[in-house]
Amino acid sequence: MSVATLREVVEPAFAERYGVPAINIFNDLTLEAVLAGAEKAQSPIIVQTSVKTVKSIGAEVIAAMWQAMVARVSVPAVLHLDHCPDVEVVKTCLANGWNSVLFDGSSLPAEQNLALTKEVVDLAKQYGAQVEGELEAITGVEDDHGSDEEAERHSLQASLDFIDETGIDVFAPSIGNAHGAYKSTPVLDFDRVSDLVRERSIPIALHGGSGMTNEQFAELISRGCAKVNISTSLKETYMKQTLAFLKGAESADKWDPPSLFASVHADVVDLVVDLAEQFGSAGKAGN
């Protein structure tokens with residue numbers, strides 16, 4: 001199947017109550033390894049790029065890498081722009097082949113956020129793309145976006161109105177989750193997910209997944225979190241395994257970059273397979 005839309009990936013997950021890994025890549029190695037891990041697990045996958053990654057590599061370069069690498073896999077794969085507060089960047093990515101975006105206007109007044117999100121939904125439709133929306137900011141800083149201060153939560157009705165008026169395809173609520181590494185096990189508002197799903201039956205995006213417990217993942221996925229975001233875990237795997245390999249290379253005085261790349265690639269593949277098995281998406285690529 002290869003390239004798929006966000007709906008094609010999250011709607012079966014929402015219906016069957018499993019979670020699709022949505023993993024933030026940041027270079028060619030992580031892109032190829034995330035796709036390879038999804039293929040090995042036979043799991044649908046959402047490949048995410050931050051605005052920082054888009055600006056540092058270039059939308060055209062990422063698009064070329066994506067087209068070349070996604071052609072090698074058979075599993076459903078989505079290219080998603082994560083947490084973008086800039087409509088112009090959204091336009092650039094959609095024009096270059098991203099088929100899913102999160103317009104993040106959560107730092108704006110609610111009415112302005114709603115209006116701009118609706119504008120992005122209308123724009124995305126022109127490209128056959130879909131949109132994730134966010135009313136409340138998720139705590140934490142990720143790739144230079146966000147704040148460590150917890151944002152005020154809106155009422156359930158305000159969230160429902162936002163979903164209805166914008167026409168988004170996936171909703172990302174604030175439920176006590178946070179970007180970055182947790183210092184302790186987070187206290188999560190599971191009922192918030194259930195309330196949203198009961199009232200609107202919309203797939204929920206779970207942000208700040210790195211560091212949650214297996215029990216928390218299972219509970220949230222069972223309640224309707226069909227898209228599970230992972231960023232910090234990949235960064236930590238990539239950098240820690242690189243460091244460990246380089247320490248070994250220094251000790252042996254053997255410097256072979258392709259061996260480093262192969263080693264880290266294998267570790268990222270293993271991470272993706274583990275996540276797919278944990279979230280219940282392994283073996284679901286044929287759905």
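Quick caveat: nothing in here was measured; it's all calculated off a predicted structure. Residue numbers start at 1 and run along the sequence shown. Values below: every heavy atom of this structure, side chains too, minus hydrogens, waters and symmetry copies.
For the pair Ile45 and Pro21, the tightest heavy-atom approach, listed with the atom from each and the gap, is CD1-O, 3.5 Å. Taking each heavy atom of Ala110 and Leu135 in turn, the nearest pair found is CB-CD1, 4.4 Å. Among all heavy-atom pairs drawn from Glu136 and Ser174, the shortest one is OE1-N, 3.3 Å. When all heavy atoms of Ala77 and Leu35 are compared, the pair lying nearest together is CB-CD2, 4.1 Å.
With 3.5 Å as the limit, one finds no donor-acceptor pair spanning the side chains of Ser263 and Gln241. In this structure, a donor-acceptor pair under 3.5 Å is present between the side chains of Asn27 and Thr30. Asn24 and Asp82 share a donor-acceptor pair across their side chains, judged by distance under 3.5 Å alone. Side chain to side chain, Trp98 and Thr49 meet the donor-acceptor criterion of an N or O pair below 3.5 Å. Neither side chain, Thr53 nor Ser56, offers a donor N or O lying under 3.5 Å from an acceptor on the other. Looking only at atom types and distance, the side chain of Gln278 has a donor-acceptor partner in the side chain of Asn214 under 3.5 Å away.
Classification of the Phe171-Phe162 ring pair by plane angle, with boundaries at 30° and 60°, yields tilted. Using the six-membered ring where Trp is involved, His207 and His83 have ring planes that are perpendicular, over 60° apart on the 30 and 60° scheme.
The backbone N or O of Lys284 lies less than 3.5 Å from no partner atom in the side chain of Ser281, so there is not a single donor-acceptor pair. Not a single donor-acceptor pair under 3.5 Å links the side chain of Asp104 to the backbone N or O of Pro85. Of the possible donor and acceptor atoms, none in the side chain of Ser233 sits under 3.5 Å from a partner among the backbone N and O of Ile230. A donor-acceptor pair under 3.5 Å is absent between the side-chain atoms of Glu219 and the main chain of Phe190, judged by distance alone. Remark: the backbone N or O of Glu88 is paired with a side-chain donor or acceptor of Thr92 at under 3.5 angstrom. Without hydrogens or angle criteria, Thr166 side chain to Lys118 main chain gives no donor-acceptor distance under 3.5 Å. Between the side chain of Gln48 and the backbone N or O of Ile23 there is no donor-acceptor pair closer than 3.5 Å.
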Does Asp195 form a salt bridge (Lys or Arg N to Asp or Glu O under 4.0 Å) with Arg192? I'd like the steps, not just the answer. CA-CA 5 Å; Asp195 291 343; Arg192 179 77 159 183; over 6 Å; no

Practice task
Show your working on ring pair (Phe, Tyr, Trp, His ring centres under 6.0 Å) between Tyr18 and Phe279 and close with a plain yes or no.
Solution key: CA-CA 6 Å; Tyr18 61 86; Phe279 301 161; over 10 Å; no

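Stacking of Arg17 on the aromatic ring of Phe14 is recorded, both the 6.0 Å distance cut-off and the 45° axial limit being met.
Partner Asp169 forms a salt bridge (Lys or Arg N to Asp or Glu O under 4.0 Å) with one of Lys125, Arg200, Lys227, Arg7 and no other, that one being Arg7.
Other residues, nucleotides and ligands place more than 12 heavy atoms under 6.0 Å from the CD atom of Gln157.
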